[in-house]
Amino acid sequence: MNQNRVSQEIESLREQIRHHDWRYYVLNQPEISDTEYDRLMERLRDLEEKHPELITEDSPTRRVSGAPLSGFSVIAHETPMLSLANTYSREELGEFDQRVKKGLSGERYEYVVELKFDGVAVSLVYESGSFVQGSTRGDGFHGDDITANLKTIRSIPIRLISSQQSAIPKRMEVRGEVFIDRRSFDRINRERQNAEEEPFANPRNAAAGSLKLLDPAQVAQRPLDIFLYACLASEGIPATHIETLDLLSRLGFKVNPNRMLCQGIDQVIEYCDLWEDRRKDLPYDIDGMVIKVNDFGQQARLGATSKNPRWAISYKFPARQATTKLLDISLQVGRTGAITPVAILEPVELSGTTVSRATLHNADEILRKDIRVGDRVIIEKGGEIIPKVVQPVISVRTGNEIEFRMPGECPVCGGGVIRLPGEAAYRCISVNCPAQVERVIQHFASRDAMDIEGLGPALIKQLLSEGLIKDYAGIYALNEKRGQLLQLERMAEKSVQNLLDGIEKSKGRPLGAFIFALGIRHVGRVAAETLARRFGCIEALSVADDEELEKIPEIGPVMAESIRAFFKSERTRSVLSKLLDHRVGRCEGKGVESAAGEGLKRKSFVFTGSMLAFTRTEAQDIVRRAGGQVMTTVGKKTDYVVAGDDPGSKLAKAQKLGITILNEEEFLQMIEPFITEIHLH
Ligand code: IVH
């Protein structure tokens, strides 16, 4: 191909990818499948690799680029990034309206009312339609240059939509809020908890923490999103805010659709009330509404104080808070020994549920907030599900409250407690700590791990205290202890049989689930699956060296070190060899892997619920092309039921018939070899 043709194809691919990024990340309305999208991206990567001279900074392949930084440079904002004054009541909104009316000396004016997103304010600068610089708000005058981090956010256009080229101001600055939606927030926190990393307190902290990471590759893993709500340009933008939002939307920015042009403060209040009620249905957090004078000329006339504009204000929703008594601070010891304080509360009603426990995060937080046992405390439910203790009510202290001190020994086993540099958590150092052993086994049996039905926390506790198991390998010797099992409280013939069946069935769990079940520190579910694909069997993984592990892009040095240390330990070796003796975790005989090995020939699949990566039709297509069969009803002959989100009655039927149920990740793992094959066709 001559250079000209290559460069044309490259530009066309970029154009297409930008278009599909916009359809997918901004509009939430994809037009092509992920496979088709990947194909475009692969082709572009390929061409750019062969013609590096044609690579430009605004190519979609350059979203994640550059080595980790050692720090951010500081940039000055051309126009200060002010903050909004807050109001908390209708009366205060009325007073704001009076000030506006006076400031505009009786002129007519309109308001635009928008959602107030609870995230991190950022500024994006575009020159001739290309994203050139992004920064944090900082102190309002100077912020951090986080361009590389912002580029990884796929809903931020790197180039604006070109059919609007004529409408694009030569230089423009747009401002908006970076956030993480609630579902993604729960997911990353679950992953962090599984890896015994400190969970984020709320979606805002998670977004802020992510934007501060120095390695753009790591930022790219975080599910960051953005809504833009302002545009500054000296020319080429409309005369009103509402029209400017429409323009931003046409240029390809993600602008929240929930906004209203209001005539008069009563309409404003009505719209605010509506959203106070509706906010719970949004997939992301808002903490109030923002009210802005619509006309830019009027905005300019109203001006600003040194901190806040006079033409806009925020209306904050009352927080969902309650006060109650802090009865105790209990200390929980996790799987890797992390000791976390939990508030034990006098039960209190809070937005529809009774709360008797709340998180206190860590010992430093307790000291910082000066929370004492016996205090009256304010608790709050934010975006997160678990309530948190906000602060003590110091004015009602009696003097009998007891200050918190982290004990010098483990509250469960009395072993030593250490705190590693850079960690907020204190840890029990004894590997024999019963609390840790119990948690390790709970994790092993849990749903995403070995998924052993009937082996819940209460039974695990009993089995340990009766000496029927000592570690998770012991679970697989329980079939020789039927008699003793029958002696246990609440264990009749049927429940014992169910338990033993559940244990037997778990031997067929996919390798990724098994690796995850082992509870290697820092190895979450996703990393476990990567390792499974890479090594194919546990023996290969157990002898992998740092270099081999670190070659895998998703496995960093910390994880590699942790994996190596895990397999090196005497204890692991002994447990692992017992597991392998029981044929748990062997390469052969595992449903998922062996099915992949033979192709999907003669295997029949039924789908229920929706998947993230595929439409139903695409998934069915892949199965068929790999030689499998797709059926619409579950029967005895069904080999696999693939259960996505919100599965229907087919799932219950499959469970009844004992058919292997795959979640989306397991299904992906099974079909992965065939996707590559299909690609090649
Ligand atoms: S306008 C001069 N609109 O609230 C005011 N801000 O204290 C410019 N925020 O720092 C802000 N949603 O981080 C505006 N729809 C919205 C907003 C919004 C959230 C945040 C923003 C700002 C803070 C104001």
Side-chain angles (χ1 to χ4, degrees), residues 77-88 92-93 96 99-100 103 111-124 134-144 146 150 153 155-156 172-181 202-208 210-212 224-233 237 240-242 244-246 248-249 253-262 268 271-272 275-276 278-279 282 284-296 298-317 382-383:
H77 296 302
E78 266 168 50
T79 314
M81 288 180 81
L82 301 180
S83 64
L84 296 169
N86 293 322
T87 59
Y88 298 89
E92 284 176 287
L93 277 180
F96 164 72
R99 291 196 297 274
V100 170
Y111 290 116
V112 178
V113 184
E114 299 165 20
L115 307 182
K116 185 169 192 300
F117 314 106
D118 197 8
V120 182
V122 296
S123 145
L124 313 174
S135 55
T136 59
R137 174 168 180 270
D139 63 4
F141 299 96
H142 297 91
D144 286 336
I146 52 164
L150 290 169
I153 303 177
S155 46
I156 293 183
M172 65 192 277
E173 181 184 345
V174 286
R175 291 179 179 177
E177 197 88 351
V178 170
F179 67 97
I180 290 181
D181 68 51
N202 52 47
R204 180 173 19 87
N205 284 7
S210 302
L211 285 180
K212 276 198 211 122
L224 295 168
D225 205 343
I226 193 169
F227 282 123
L228 284 313
Y229 50 63
C231 175
L232 313 167
I237 57 169
T240 63
H241 180 60
I242 195 103
T244 304
L245 292 179
D246 288 337
L248 287 181
S249 182
F253 290 106
K254 189 159 174 168
V255 179
N256 192 279
N258 304 304
R259 52 179 183 260
M260 176 143 153
L261 186 62
C262 294
V268 169
Y271 194 62
C272 290
W275 277 103
E276 182 167 351
R278 274 201 199 157
R279 64 193 286 219
L282 289 169
Y284 43 82
D285 282 350
I286 59 171
D287 58 350
M289 305 294 285
V290 179
I291 297 105
K292 302 173 182 173
V293 168
N294 186 30
D295 186 277
F296 288 148
Q298 292 180 329
Q299 286 187 4
R301 251 170 289 146
L302 286 163
T305 68
S306 64
K307 286 197 207 118
N308 316 118
R310 292 199 189 86
W311 47 266
I313 202 140
S314 90
Y315 171 72
K316 295 267 230 168
F317 296 134

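Ligands are counted one by one from 1 in listed order, and the atoms in each one are counted from 1 as well. It should be emphasised that the depicted structure is a prediction, and the values quoted were computed from it without experimental measurement. The first residue in the sequence is number 1, and the count goes up from there.
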Below 4.5 Å, heavy atoms only, C-beta onward: do [X] and [Y] meet side chain to side chain?
{"X": "Ser123", "Y": "Glu78", "answer": "no"}
{"X": "Met289", "Y": "Leu93", "answer": "no"}
{"X": "Thr240", "Y": "Leu261", "answer": "no"}

Between [X] and ligand 1, which part of the residue brings a heavy atom under 4.0 Å of the ligand: side chain, backbone, both or neither?
{"X": "Pro309", "value": "side chain"}
{"X": "Leu84", "value": "both"}
{"X": "Arg175", "value": "neither"}
{"X": "Asn256", "value": "neither"}
{"X": "Phe117", "value": "both"}

May I ask you to check if ligand 1 and Leu115 share an N or O to N or O distance below 3.5 Å?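 Indeed, backbone or side chain, Leu115 has an N or O that close.
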Is the closest N or O pair between Lys292 and ligand 1 shorter than 3.5 Å?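 Yes, since at least one N or O of Lys292 sits under 3.5 Å from an N or O of ligand 1.
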Nearest heavy atoms of Arg204 and Asp118, plus distance in Å: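 Taking Arg204 first and Asp118 second, the nearest heavy atoms are NE-OD1, 2.8 Å.
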What are the two closest non-hydrogen atoms of Tyr88 and Glu92, and how far apart are they?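 Where Tyr88 meets Glu92 most closely, the heavy atoms are N-OE1, 2.8 Å.
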I need the nearest protein heavy-atom contact for [atom]: residue, atom name and distance, please.
{"atom": "atom 20 (C) of ligand 1", "result": "Glu177 OE1, 3.5 Å"}
{"atom": "atom 11 (C) of ligand 1", "result": "Tyr229 CE1, 3.8 Å"}
{"atom": "atom 10 (O) of ligand 1", "result": "Ala121 CB, 3.8 Å"}
{"atom": "atom 8 (C) of ligand 1", "result": "Leu82 O, 4.3 Å"}

Hey, can you tell me if Phe117 and Tyr229 have their rings parallel, tilted or perpendicular (30° and 60° cut-offs)?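 Aromatic pair Phe117/Tyr229 classed parallel.
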Using a strict 4.0 Å cut-off to heavy atoms of [X], name the atoms of ligand 1 that fall inside it.
{"X": "Glu114", "answer": "3 (N), 15 (N), 16 (C)"}
{"X": "Val290", "answer": "3 (N), 15 (N), 16 (C), 17 (C)"}
{"X": "Lys116", "answer": "4 (O), 12 (N), 19 (C)"}

Please round to the nearest 0.5 Å and tell me the distance separating atom CZ of Arg137 and atom CD of Glu177.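 If we round to the nearest 0.5 Å, Arg137:CZ and Glu177:CD are 10.0 Å apart.
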So how far is it from Glu114 CD to Ile286 CD1, rounded to the nearest 0.5 Å?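 Answer for the CD-CD1 pair, Glu114 versus Ile286, is 11.5 Å.
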Relative to Trp275, does Arg279 satisfy both conditions: NZ or CZ under 6.0 angstrom from the six-membered ring centre, and within 45 degrees of the ring's axis?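 Not flagged: Arg279 not positioned over aromatic ring of Trp275.
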